Amino acid sequence: MNICSNYGQTNRQYYRQLHSETIDLEPEDFQQATLLSGKFNNEAQKWQAYLKILGLFALKRRLSDRHLTLDNQIESLPANQIISSEPMSNLQVGGFKVCLLTNESIVNEGIEIPEKMINSPDFAAHFYIVIQVLVEEEEAIIIGFIRYDKLINQSLQKNKIGNYQLSLPELNSDSSHLILNLKYLSPVAIKIPENTLDESKYWEKLTSWLEGILREGWQPVEELIGNRKPIIQMAFSLDKTTEKLSPKVVKKIIKQFQMTQKQRGKIQTDLSQPELSDTEVNKALVNILQTTEDEETRWQIAELLWEIDPSNPAAGVRRAMDLGIQLAGVPVALMIAILPKPNQRFAVLSRVYPLQDQRFLPANLKLIGLDEMGESLFEIRARERDDYIQFKFTADPGDRFSLQVSLNSATVTKDFII
């Protein structure tokens with residue numbers, strides 16, 4: 001999107017008459033814009049970058065005042081976006097894609113929108129926001145915005161260079177409507193062009209893990225998390241000599257399950273007899289795993305098998321990935337486990353661990369689950385002194401979901417298919 005420019009006090013007064021919102025620019029905004037734009041040698045590019053950065057700070061402040069967050073780090077945006085005369089695309093506010101247009105002044109005739117900003121999945125956005133930066137007045141004006149679904153319903157005409165033209169009265173000049181949309185609307189309510197799903201390239205097929213087919217980057221959990229105690233060890237006392245689960249503890253768990261099943265009238269044999277050998281104990285655990293209807297019991301037994309018989313195929317597969325490089329250097333790992341269930345269904349466990357010498361996860365680190373349409377399925381937030389966070393669910397063959405691990409403005413997303 002590009003703005004047709006023309007300088008003049010008349011235009012500034014005109015936009016204020018539209019009741020557009022004015023945002024004060026602070027001295028630190030100008031200092032940061034000068035610093036970030038100063039790395040470009042071309043004067044025109046430097047000026048373009050300067051205006052865009054000020055516009056971004058204005059948008060960020062407006063969102064922050066309304067308890068919303070611009071997820072992108074301004075100082076980390078690609079240089080080609082900063083110096084281009086085209087709009088700033090692929091900005092993120094929650095689950096929404098935002099396209100921001102900034103310029104020093106705007107003519108009454110309207111704005112120009114490059115075709116790719118409407119039709120390309122790589123550039124199209126849920127919202128197009130127009131901001132006028134007034135450097136001398138040390139302020140910015142939100143001229144208006146338009147939703148993608150409203151934009152494509154306009155009678156757009158192309159100019160000589162192939163850009164679509166949109167008149168300013170077609171924009172919504174009430175920025176409170178923008179805030180309401182961002183806060184209470186779901187991204188799926190505004191359908192924008194999407195890339196065709198490519199399973200082999202973008203989606204990790206978890207059932208392939210059960211066949212030993214894994215993509216690079218997913219490591220055995222023991223290799224990645226080292227000597228960190230498994231969750232099951234945290235719940236029960238360990239053998240002081242070996243620092244492992246003792247046979248007594250394992251048989252205690254079996255007995256607890258056996259007593260529960262007896263109360264339900266679903267078991268006749270006593271699985272907790274002391275004469276059970278290690279092999280018989282493993283078989284008893286597999287039997288519980290395959291017959292229990294309780295998901296917590298299922299995962300507790302799987303955790304036991306991972307500890308005492310990690311190669312047992314009944315325990316499914318679990319792998320972990322170091323997200324540190326992708327998550328702004330935060331040392332955490334994402335673990336995924338898949339466990340076959342009766343009736344061709346699968347139990348899935350997602351868990352985030354701290355890595356290296358970190359004992360606890362950073363406070364407010366989030367594990368978020370999304371369905372294939374981007375709708376939120378769950379959100380787990382780490383508290384102070386949490387040594388892991390997790391979420392368990394059941395899925396069917398062909399189900400797609402995404403997991404996001406985020407901290408502040410850094411987000412890593414992994415896509416999966418069952």
Side-chain angles (χ1 to χ4, degrees), residues 1 19-26 28-29 32-33 36 51-77 81-82 87-102 117 123-133 139-151 171-192 327-328 330 362-371 373-382 402 404-413:
M1 191 184 293
H19 306 291
S20 300
E21 181 172 1
T22 300
I23 303 168
D24 291 331
L25 294 169
E26 303 296 335
E28 56 264 32
D29 297 334
Q32 191 75 351
L36 294 175
L51 293 175
K52 282 192 172 184
I53 293 166
L54 288 174
L56 284 165
F57 280 127
L59 176 62
K60 183 178 180 180
R61 181 167 293 111
R62 168 60 172 155
L63 294 172
S64 178
D65 288 344
R66 299 300 184 270
H67 308 292
L68 292 166
T69 303
L70 178 66
D71 296 333
N72 309 75
Q73 291 184 326
I74 295 176
E75 61 271 19
S76 301
L77 289 168
Q81 276 196 306
I82 295 289
M88 297 289 296
S89 60
N90 292 320
L91 300 175
Q92 294 282 335
V93 180
F96 292 100
K97 293 176 66 176
V98 171
C99 188
L100 175 64
L101 171 82
T102 62
M117 296 294 172
F123 296 96
H126 296 95
F127 298 98
Y128 298 82
I129 305 172
V130 182
I131 289 184
Q132 180 189 25
V133 177
E139 60 187 27
I141 300 176
I142 299 180
I143 302 303
F145 77 97
I146 189 168
R147 291 168 37 156
Y148 181 85
D149 52 357
K150 304 294 185 184
L151 177 62
L171 298 175
N172 186 334
S173 62
D174 189 341
S175 65
S176 66
H177 293 173
L178 172 64
I179 298 302
L180 289 172
N181 276 266
L182 292 171
K183 276 191 171 183
Y184 302 113
L185 197 67
S186 168
V188 297
I190 306 175
K191 187 171 179 57
I192 62 176
L327 199 66
V330 180
N364 294 317
L365 181 139
K366 293 185 287 188
L367 172 62
I368 303 169
L370 306 170
D371 65 18
M373 300 301 294
E375 284 278 8
S376 178
L377 297 171
F378 62 84
E379 178 176 318
I380 310 297
R381 187 187 299 264
S402 299
Q404 286 185 348
V405 179
S406 66
L407 181 64
N408 300 325
S409 60
T411 301
V412 177
T413 303

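Quantities reported herein were computed from a predicted structural model and do not represent experimental measurements.
- Residues E375 and S186 come closest through the heavy atom pair OE2-OG, 2.5 Å.
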query = So L91 and L70, side-chain contact (heavy atoms from CB on, under 4.5 Å) or not? Walk me through it.
reply = CA-CA 7 Å; L91 300 175; L70 178 66; 4.2 Å; yes

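- Between I129 and L178 the shortest side-chain heavy-atom distance falls below 4.5 Å.
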message = Please evaluate residues I131 and L54 with respect to the criterion side-chain contact (heavy atoms from CB on, under 4.5 Å), reporting the C-alpha separation (whole Å), side-chain torsions for both, the decisive distance (0.1 Å), and the verdict.
response = CA-CA 10 Å; I131 289 184; L54 288 174; over 6 Å; no

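- Side-chain contact between I368 and L370: present, with at least one pair of heavy atoms (C-beta onward) separated by less than 4.5 Å.
- Between F96 and F127, the gap from one ring centroid to the other is short of 6.0 Å.
- In terms of modelled atom types and a separation under 3.5 Å, the side chain of Y128 and the main chain of M117 share a donor-acceptor contact.
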request  = Given side-chain contact (heavy atoms from CB on, under 4.5 Å), test L59 with T102 step by step and report yes or no.
outcome  = CA-CA 10 Å; L59 176 62; T102 62; over 6 Å; no

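- Not one N or O on the side chain of N181 forms a donor-acceptor pair closer than 3.5 Å with the backbone of L185.
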inquiry  = Could you go through K366 and L407, starting from their C-alpha distance and side-chain angles, then the distance that decides it, and tell me whether this counts as side-chain contact (heavy atoms from CB on, under 4.5 Å)?
reply    = CA-CA 6 Å; K366 293 185 287 188; L407 181 64; over 6 Å; no

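- Annotation: the span from I143 atom CD1 to N172 atom CG amounts to 12.5 Å, rounded to 0.5 Å.
- With contacts defined as side-chain heavy-atom distances shorter than 4.5 Å, the pair N364/N408 does not qualify.
- Between L56 and M88, some side-chain heavy-atom pair lies under the 4.5 Å cut-off.
- Atom NZ in K183 sits 7.5 Å away from atom CD1 in I179 (nearest 0.5 Å).
- Between S89 and F123, the shortest heavy-atom distance links the atoms OG-CD2, 3.4 Å.
- Proximity of I74 to L36: side-chain heavy atoms (C-beta onward) are separated by under 4.5 Å at one or more points.
- Atom CG of L100 and atom CG of N90 lie 12.5 Å apart (nearest 0.5 Å).
- Side-chain contact annotation: S175 with E21, donor-acceptor N/O pair under 3.5 Å present.
- Of all heavy-atom pairs spanning A124 and Y148, the tightest one is CB-CE1, 4.1 Å.
- Annotation for A140 and A58: closest pair CB-CB, 3.7 Å, computed over non-hydrogen atoms.
- Here the CD1 atom belonging to I141 is positioned 4.5 Å from the OG1 atom belonging to T22, to the nearest 0.5 angstrom.
- Between E379 and L367 there is no side-chain heavy-atom pair separated by less than 4.5 Å.
- In the displayed structure, K150 atom NZ is contacted under 6.0 Å by at most 12 heavy atoms of other residues, nucleotides or ligands.
- With values rounded to the nearest 0.5 angstrom, E139 atom CD is found 9.0 Å from Q132 atom CD.
- A donor-acceptor pair under 3.5 Å links the side-chain atoms of D174 to the main chain of S176, judged by distance alone.
- Considering only heavy atoms from C-beta on, T69 stays 4.5 Å or farther from V93 through its side chain.
- Side-chain contact check for L365 versus R381: every heavy-atom pair is 4.5 Å or farther apart.
- Of all non-hydrogen atoms in R61 and D24, the two that sit nearest each other are NH1-O, 3.3 Å.
- D65 places no side-chain N or O within 3.5 Å of a backbone atom of R62 that could act as its donor or acceptor partner.
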message = Checking Q73 against S409 for the side chain to side chain donor-acceptor pair (under 3.5 Å) test, could you report, in this order, the C-alpha distance in whole Å, the side-chain angles of both residues, the deciding distance, and whether it holds?
response = CA-CA 7 Å; Q73 291 184 326; S409 60; 3.1 Å; yes

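- Summarising the geometry of Q92 relative to N72, their closest heavy-atom pair is N-OD1, 2.7 Å, with the distance given to 0.1 Å.
- Atom-to-atom distance recorded for I53:CD1 and D29:CG is 11.0 Å, nearest 0.5 angstrom.
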